[in-house]
Amino acid sequence: MLTALTRAVSSRINECELTFIERQTINVERAVRQHRNYQQLLRSLGLNVVELPADDHCPDCCFLEDTALVLDELAIATRPGSEARRAEVAGVLPTIAKYRELVHVEAPATLEAGDVLRIGRDLFIGITSRTNREGIDFVRERAAPHGYQVHAVEVPGALHLKSVCTAVNERTILADSSRVDLESFAGYELIEVPAEEWMAANVLLANGTVCMHSGFHKTLALLQERQIQVRTVDISEFLKAEAGLTCMSIIFDSAKN
Ligand code: GLY
């Protein structure tokens, strides 16, 4: 069974880190409601949703994806490139440790799992302000013995790789190619998001269904005309925090441990 580990929204989410976008006020009550709806969507797709408590010293704590890369065989506890986010990791690891052997990224390496896009046994990892080459090398060393291929991807125009490139199935990526170098994705079909909907490139594939923000109408039409199964949820408050659907969960097969 797939488990989606989530973490409650911090009351200080308005102090979240921002890199590529301007600060706008986040309505915290609305964000909490949207977070519940997000969890409900995952439940409706058959996932077992677990919620960890918020840490109000960590404004970005609901974006727990960045704290651990959970593979089938092991989990990699990250060392976020954002120093402000490093304290988040400790609150997530005890739960991950129940399911996977843990290894820890160490300095000078940095890694945030929002930079890691897994498609089958391929791990595409963004080089960003949050993830450096040493972090990518660490993942390669630990994951290659289990049959994973690691590909470094330059991401000049976004916070994380998955901010601007995700997969809608095993053969097709959804991306804004003006913000990420797609050379490593030769062989994949590309669906290009409209420039004005660049944040729509972050979708979450859960049990074969693409989950996306309800406000990205043009991108929704592009997916539907290809008969891709899509569900939508409003995450407008989290877009203001420079986050997307993938940021708010760590999804893994809890039967494998
Ligand atoms: N607010 C998301 C991040 O900067 O990590």
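These figures come from a predicted structure and were not determined experimentally.
Other residues, nucleotides and ligands contribute at most 12 non-hydrogen atoms within 6.0 Å of the CD atom of Glu83. Atom CD of Gln40 has more than 12 neighbouring heavy atoms from other residues, nucleotides or ligands inside a 6.0 Å radius. Dense packing is recorded around NE2 of His146, with more than 12 heavy atoms of other residues, nucleotides or ligands lying under 6.0 Å away.
Under the ring pair (Phe, Tyr, Trp, His ring centres under 6.0 Å) criterion, no residue pair touches residues 7-48, with sequence neighbours excluded. Sorted by first and then second residue, the ring pair (Phe, Tyr, Trp, His ring centres under 6.0 Å) pairs with a member in residues 196-217 read His213-Phe216; sequence neighbours excluded.
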Using distance only, find each side-chain donor-acceptor pair of residues 219-228 under 3.5 Å and give its atom names and separation, not counting sequence neighbours.
{"unit_1": "Thr219", "atom_1": "OG1", "unit_2": "Glu197", "atom_2": "OE1", "d": "2.6"}
{"unit_1": "Arg226", "atom_1": "NH1", "unit_2": "Leu222", "atom_2": "O", "d": "3.1"}

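Closest approach of Ile235 to Ala243, counting heavy atoms only: CD1-O, 4.5 Å. A pairwise comparison of heavy atoms in His104 and Leu93 identifies CE1-CD1, 3.6 Å as the closest pair. Arg79 and Ala109 make their closest contact through NH1-O, 3.0 Å (heavy atoms, listed as atom of the first residue, atom of the second, distance). The two residues Thr166 and Asn202 make their nearest non-hydrogen contact at CG2-CA, 3.9 Å.
Residues Cys16 and Glu242 fail the side-chain proximity criterion, which asks for heavy atoms closer than 4.5 Å. Side-chain contact between Val233 and Gln34 is absent, with no heavy-atom pair separated by less than 4.5 Å.
Donor-acceptor pairing under 3.5 Å is recorded for the side chains of Thr209 and Gln229.
Take Phe138 and apply the ring pair (Phe, Tyr, Trp, His ring centres under 6.0 Å) test, not counting sequence neighbours, and it matches no residue. By the ring pair (Phe, Tyr, Trp, His ring centres under 6.0 Å) test, His151 pairs with Phe124, sequence neighbours left out.
A salt bridge is absent between Glu17 and Arg12: the closest approach of a Lys/Arg side-chain nitrogen to an acidic carboxylate oxygen does not fall below 4.0 angstrom. With salt bridges taken as basic N to acidic carboxylate O contacts below 4.0 Å, one links Arg85 and Asp66.
Hydrophobic cluster membership for Met1: none, as no Ile, Leu, Val, Met, Phe, Trp or Tyr side chain comes under 4.5 Å of it.
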